[in-house]
Every structure is written in C-alpha cells, then in structure tokens.
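Whatever order the structure lists them in is the order used to number ligands and atoms, beginning at 1.
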Amino acid sequence: MFDFFEDEAPWQEPLASGAVILRRFVQGDDDALFREINRIATQSPFIHRITPGGVKMSVAMTGCGAAQWLSGRDGYLSNAESLPLSDTLLAVAQRAAIAADYPDFVPDSCLINRYAVGSKMTLHQDKNERDLHQPIVSVSLGLPAVFLFGGRQRSDKTNKVLLEHGDVVVWGRESRLCFHGISPLKPGIHPLTGPYRFNITFRKAL
Ligand SMILES: O=C(O)CCC(=O)C(=O)O
Ligand SMILES: [Fe+2]
C-alpha cells in the first residue's frame, strides 16, 4: 500500500560554526523514541518546574540518566533514583553526535521537554554542564516549532528555523554557549504525538 508517511532521506543544514541541523535524522526511530518517552514518563511523570524567578515553566519535563537537571541556578544533581539512559537513547544520541562531527560524545543526561499549545522556552544558554567541550544533542518529535538560535549575547540577532518531526540539532565548540529558545507552540495534531511536541536533549552534565 502507498505509504503517506514514507521517510524522507535525511540531509544536513549548517546552523552556525559548530552547530548543525540533521534533518529527519531520527525519523526511522520515532516509534522507538516515543515508546522510550512514555516508558520514562510512567516512572517519572512530566512536571512543570519553577524557575529561580518563581515562574512556572510552560514546558513539562521529565528525563533519565545519572544526571538530573534542576531548573535554574541549581544545575545538575546526581540522581541514583532516575532510570538509566537506555541503549536505544544512547545509540541515537551518539549516532547524531558522530554525524555532526562530535565523535567522543558520552551523554549522562537525557532531558525530555513536552510542549503543549502555547508552550515556549525563552532565550537561554545551556551552561550548567561541567564540560563545555561536549555538545548538546537535541531531538525533535511531533508538532513543528520555531527554534531561535542566536549568539553568545542575549541581544545578538537570532536565526529562526522550523524544527520538524525527526530533526536533530547538535551544537558545540564555538556555538556551545549560544542563546537559543523555542517560540510558542502552534496548535495541531501529529500522527504520533497528538497535540504535543517533544524534545529530547542529551548532555554530558557531570
Ligand atoms: O525544545 C527545544 O528544542 C530546545 C530545548 C532546550 O533548549 C533545553 O532544554 O535546554
Ligand atoms: Fe537549551
């Protein structure tokens, strides 16, 4: 039968020095990744964290791996209770890192963000990780969202790119401390994830 959701061949789009978008890179892994999200969320339900400024985040979060992210200044905590990074997740993260020319990436943290309609992430830097030589590997599943990617100053001009189901962004080296964020999610229904966008970020945090 004709497959309306036939996978496209992946391609790469440079985003900045040290940063690349691997388009549709995990499209073939989407069912397995979504199963992983649901498995993790069963043990560790999605919650809306509070920022240091006392604001409840619109994005709901869960995760796995030895390092657990705590919102804001607190950074990471080693969490013996959290589920380990499964082979499925590790394999995807490392395959993407290798494709983006970061062959030595060994993540210890997997953060899962769930965006509902209107959820956003304001411009920020990922800088709580101890070793900033390791990249961030960021997987998009479900509804599309506009990703903002700027420079090292909050006021720097931002690139706006649409991230779609199966895309992976990897940033490191000169781009590691670039400000980035997500514009408010538009309403929609995705065949796999329904009314949500999921983002899985892999980091070496500890
Ligand atoms: O949802 C995204 O694509 C970005 C998430 C992000 O920047 C983060 O979790 O630090
Ligand atoms: Fe981030």
Using distance only, find each side-chain donor-acceptor pair of residues 132-144 under 3.5 Å and give its atom names and separation, not counting sequence neighbours.
from, atom 1, to, atom 2, distance (Å)
H133, ND1, D131, OD1, 3.1
S138, OG, N199, ND2, 2.8
S140, OG, R197, NH2, 2.7

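Protein residues with a heavy atom closer than 4.0 Å to ligand 1 are L111, N113, Y115, M121, H124, D126, S138, H180, I182, R197, N199, R203, listed by chain and number.
Under the 30°/60° scheme for interplanar angles, the aromatic rings of F149 and W171 are found to stand perpendicular.
Listed here is the closest heavy atom pair of P107 and L90: CG-CD1, 3.7 Å. Listed here is the closest heavy atom pair of F198 and R114: CE2-CG, 3.4 Å.
Atom-to-atom distance recorded for H165:NE2 and Q27:CD is 6.0 Å, nearest 0.5 angstrom.
Protein atoms that are N, O or S and lie under 2.8 Å from the Fe ion (ligand 2) are these: H124 NE2, D126 OD1, H180 NE2.
Annotation: N38, atom CG; neighbour count of heavy atoms from other residues, nucleotides and ligands within 6.0 Å is above 12.
Remark: R39 is not positioned above the aromatic ring of F34, lacking an NZ or CZ atom under 6.0 angstrom from the ring centre and at most 45 degrees off the axis.
Within the structure, salt bridge (charged side-chain N to carboxylate O under 4.0 Å, His left out) contacts touching residues 139-166 (residues at least two apart or in different chains) are R24-E164.
For the 3.5 Å distance criterion, the side chains of T201 and R203 qualify, holding a donor opposite an acceptor.
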